[in-house]
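To start, the structure itself, in structure tokens.
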Protein chains: 2
Amino acid sequence: MNLKELSELLGLSQTTVSRALNGYPEVSEKTRIRVVEAAREHNYSPNSRATGLATGRAMVIGHVIPLSARHEIVNPVFGDFVAGALQTYSQNNYDMMFAHAVDGGEAEIYKSLYNRRVVDGVVLQGPKVVEPRIKALRDLGIPFVVHGRSSAEHGPYPWVDVDNTRSFRRATEFLIDLGHRRIALINGLEDMDFAMRRRKGYEDAMAAANLPLNPDLMFTEEMTEVAGHHAARDMLRMETPPTAFMVSSMISAIGVRRAIEEAGLKMARDVSVIAHDDDLSYLKNGQDVPIFTATRSSVRHAGEIAAQILIDRINNPQLAPQTRMLEAEIVVGRSTGPGPER
Amino acid sequence: MNLKELSELLGLSQTTVSRALNGYPEVSEKTRIRVVEAAREHNYSPNSRATGLATGRAMVIGHVIPLSARHEIVNPVFGDFVAGALQTYSQNNYDMMFAHAVDGGEAEIYKSLYNRRVVDGVVLQGPKVVEPRIKALRDLGIPFVVHGRSSAEHGPYPWVDVDNTRSFRRATEFLIDLGHRRIALINGLEDMDFAMRRRKGYEDAMAAANLPLNPDLMFTEEMTEVAGHHAARDMLRMETPPTAFMVSSMISAIGVRRAIEEAGLKMARDVSVIAHDDDLSYLKNGQDVPIFTATRSSVRHAGEIAAQILIDRINNPQLAPQTRMLEAEIVVGRSTGPGPER
DNA sequence: TTGAAAGCGCTAACAT
DNA sequence: ATGTTAGCGCTTTCAA
């Protein structure tokens with residue numbers, strides 16, 4: 001059922017039916033009711049391509065995943081962000097498009113999506129420290145918002161981020177307060193902006209406590225089980241192994257914990273592990289567990305906010321770029337056992 | 001730059017330009033080259049909404065995530081499947097649409113996406129044992145493919161699945177061979193078809209070994225860290241606790257392992273854990289690690305296949321529903337320590 | 001308050 | 001080998 005058929009059925013013009021359905025004021029209430037009911041009854045829904053052609057709006061927003069970063073889509077944080085954005089989109093009648101890009105081709109994908117009028121705007125996820133995509137999007141005039149920031153980018157651009165530096169500083173401080181001195185950092189790839197910031201938080205806390213930075217205890221790789229395992233295993237074989245691990249992802253933390261088991265060490269008593277996005281609900285039971293930071297709900301919230309900023313920008317292009325810094329929800333539990341001196 | 005402008009620029013009709021760009025044979029090679037070059041030079045890309053309107057095809061496929069199942073999008077397996085599908089889509093010039101649905105509203109979302117001609121077909125993810133969506137999609141005439149199966153659905157429908165029953169049977173057999181007798185099952189929600197099949201695999205193996213099924217060792221919940229932790233913690237407090245855990249997700253396995261640590265037990269020596277989608281690359285180093293099944297790459301492959309089946313179906317609606325069963329890639333490592341008798 | 005008609009950018013019959 | 005023309009299904013002036 002399309003507009004024409006519906007209007008013929010009602011003995012009205014397409015115009016009137018369209019107006020009635022879209023809430024224009026000049027339609028009589030009587031007609032509107034008749035139209036709306038007939039539409040529902042005959043299961044009419046407007047063809048979004050035709051609407052898009054006529055209005056010039058796609059009502060779709062694009063997300064692009066670098067294909068090389070296959071782990072990215074598997075990163076739970078990614079899903080949290082997307083879930084948040086999805087919620088805001090549906091409240092505003094937007095749909096979400098998903099595209100992927102081979103390495104280096106991301107700018108092309110954005111351009112293609114926008115030029116073909118598939119999307120009205122895009123969300124840039126996983127920005128690197130040096131991120132040419134931001135300039136590209138700005139130059140192309142594509143409405144966008146960044147999840148995260150890019151430190152090397154000095155022009156204004158809209159972003160939403162959680163305070164990664166603060167999270168890692170606070171968590172590291174917590175470990176230091178517990179008496180740990182050899183604290184390892186199992187980080188993501190440090191050309192990613194978030195990873196660089198996390199390292200900074202870690203370094204800041206170490207410096208503030210006058211603890212030396214040991215390059216052998218600072219590892220950077222993709223955030224996978226395997227990478228976490230290898231790094232932790234090697235570190236635990238050192239003469240003076242670390243007594244604690246700051247880990248950038250719950251996924252790499254799986255590997256880290258396994259390495260600890262394999263080394264015959266006991267979690268919490270011999271070694272503490274803080275993973276960035278581990279679930280924290282345990283702590284509510286007041287149990288003896290290692291400490292953690294939690295940002296899962298913060299990330300979901302970031303998705304909601306980012307979507308709203310982008311939608312505002314699409315509707316009002318001359319708006320100044322909005323930015324929003326979210327504090328990660330940090331929860332720390334008690335450390336168990338005799339502590340780090342072994 | 002649109003078709004009209006481009007054709008005026010070239011002194012050709014829109015038709016000829018369109019034909020040149022779409023590879024129709026009746027265009028002279030000379031003209032084609034001239035057109036293609038001008039298009040590239042002026043950065044022309046066809047408006048997909050206009051193309052869609054004219055052709056009746058959206059070149060978009062929809063994926064729907066139940067919002068209630070917020071964990072679903074966070075499940076790594078979900079990402080693997082999507083990544084696989086995305087790859088096939090881009091090879092066939094399809095884009096991927098992402099929608100979400102509040103509980104029970106999934107059929108509406110499918111209908112809406114299809115009626116509005118936003119998508120040409122949809123992928124049904126996370127089918128339940130009883131899955132009304134399949135009948136709904138069939139009745140609506142929407143091209144679709146199911147990732148997984150629905151046991152209560154007896155009519156023909158296209159699906160791609162991994163052999164969950166076999167995976168869990170084999171992994172359970174492996175534990176039994178190692179001498180384990182009290183094997184716990186930490187499963188997902190068993191109204192989900194895959195979870196039901198996994199339980200069946202577990203039960204089959206136990207029955208074949210004449211081992212009793214102990215309801216207290218069979219847990220079913222959402223596959224979260226918290227749920228895994230609670231279940232394992234309670235089981236480990238039993239008089240005769242399990243010596244091994246079969247876990248349905250690497251995420252719940254995090255909770256299970258933590259509960260084991262908290263109980264003062266040593267992984268592998270005291271308790272073995274097999275998690276469904278744990279990464280297995282460890283084993284390649286020939287280390288002493290617990291055993292695992294791996295299906296990560298199988299799931300990605302499932303995504304590729306499912307996408308292809310759907311595309312074929314869209315292009316050829318009278319095709320009989322294709323189905324495809326994939327064998328999960330199963331890898332088992334050596335169990336460490338003195339074994340389960342403690 | 002309603003309708004006629006043009007047009008959004010493309011494809012596909014149907015000429016030529 | 002190229003062009004003319006009529007849509008695809010909607011919105012939006014402009015008229016009535």
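Here the structure is a predicted model, which means the values were calculated and not measured. Protein chains get the first letters and strands the later ones, always in sequence-line order, with residue 1 at the start of each.
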Requested in this report: Just do the side-chain contact (heavy atoms from CB on, under 4.5 Å) check on A:Gln91 and A:Gln308 with the steps written out, would you?
Outcome: CA-CA 10 Å; A:Gln91 281 162 6; A:Gln308 194 58 60; 5.6 Å; no
Query raised in the report: What's the verdict on side-chain contact (heavy atoms from CB on, under 4.5 Å) for A:Met96 and A:Val82, showing C-alpha distance, side-chain angles and the deciding distance?
Result: CA-CA 9 Å; A:Met96 174 190 270; A:Val82 164; 3.8 Å; yes
**Report entry** Derivation and outcome, side-chain contact (heavy atoms from CB on, under 4.5 Å), residues B:Leu10 and B:Val35
**Finding:** CA-CA 7 Å; B:Leu10 286 160; B:Val35 169; 4.0 Å; yes
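The phosphate of C:dT1 (OP1 or OP2) has no side-chain N or O of A:Tyr24 nearer than 4.0 angstrom. A close approach under 4.0 Å does occur between a side-chain nitrogen or oxygen of A:Ser13 and OP1 or OP2 of C:dG3. Between A:Ser18 and D:dC10 there is no side-chain polar atom (N or O) within less than 4.0 angstrom of OP1 or OP2. The side chain of A:Tyr44 places no N or O atom within less than 4.0 Å of a non-bridging phosphate oxygen (OP1 or OP2) of D:dG9. Checking the phosphate oxygens (OP1, OP2) of D:dT11, a side-chain nitrogen or oxygen of A:Asn22 falls inside 4.0 Å. Between C:dG9 and B:Asn47, no contact under 4.0 Å exists linking OP1 or OP2 to a side-chain N or O.
Of the two residues contacting DNA chain C, namely B:Met1 and A:Pro25, the nearest-nucleotide position lying further toward the 5' end is that of A:Pro25. Annotation: of the two residues near DNA chain D, B:Leu12 and A:Gln14, the 5′-most nearest-nucleotide partner is B:Leu12.
A:Asn115 has its CG atom 13 Å from the P atom of C:dG9, to the nearest Å. Atom CD in A:Glu26 sits about 11 Å away from atom P in D:dT13, given to the nearest Å. At whole-Å resolution of the value, CG in B:Asn2 and P in C:dC8 are 8 Å apart. Taking atom CD of B:Glu5 as the reference point, atom C1' of C:dC8 lies 13 Å away to the nearest angstrom. As a whole-Å value, the separation of A:Leu3 CG from D:dG7 P is 18 Å. Between the CG atom of B:Leu21 and the C1' atom of D:dT2 there is a distance of 15 Å, rounded to whole Å. As a whole-Å value, the separation of A:Arg57 CZ from D:dT12 P is 11 Å. Straight-line distance from the NZ atom of B:Lys4 to the P atom of D:dG3: 16 Å, rounded to whole Å.
Of the candidates D:dA1, D:dT11, C:dT1, the closest approach to any side-chain atom of B:Ser28 belongs to D:dA1. Of the candidate nucleotides C:dT1, D:dT11, C:dC10, C:dT1 has the atom nearest to the side chain of A:Thr31. Across C:dC10, D:dC10, C:dT11, the shortest atom-to-atom separation from the side chain of B:Ala50 is found for C:dC10. The nucleotide whose nearest atom lies closest to any side-chain atom of B:Thr16 is, among D:dG3, C:dA12, C:dC10, D:dG3. Which of D:dG9, C:dT11, C:dG3 sits closest to the side chain of A:Ala54 comes down to D:dG9. Residue B:Pro46 places its side chain closer to C:dC10 than to any other of D:dT2, C:dC10, C:dG3. Checking C:dT11, D:dC8, C:dT2 against the side-chain heavy atoms of A:Val27 singles out C:dT2 as nearest. Candidate nucleotides D:dG9, D:dT11, C:dG3 were compared by shortest atom distance to the side chain of B:Leu53, and D:dG9 ranks first.
In this structure, the side chain of B:Asn22 engages the main chain of B:Ser18 through a donor-acceptor pair within 3.5 Å.
Side-chain contact, B:Gln322 with B:Arg313: no donor N or O sits under 3.5 Å from an acceptor N or O.
Counting non-hydrogen atoms under 4.0 angstrom, B:Thr15 reaches a base of the nucleic acid. Within the nucleic acid shown, A:Ser48 has no heavy atom closer than 4.0 Å to any nucleic acid atom. The residue A:Arg19 sits close to a base: some heavy atom pair falls under 4.0 Å. B:Arg117 comes within contact range of no nucleotide atom at all, as no heavy-atom separation falls under 4.0 Å.
Between A:His63 and A:Tyr89, the angle of the ring planes goes over 60°, which puts this pair in the perpendicular group of the 30/60° scheme.
Annotation: cation-pi geometry satisfied between B:Arg117 and B:Tyr114 (NZ/CZ under 6.0 angstrom from ring centroid, within 45° of ring axis).
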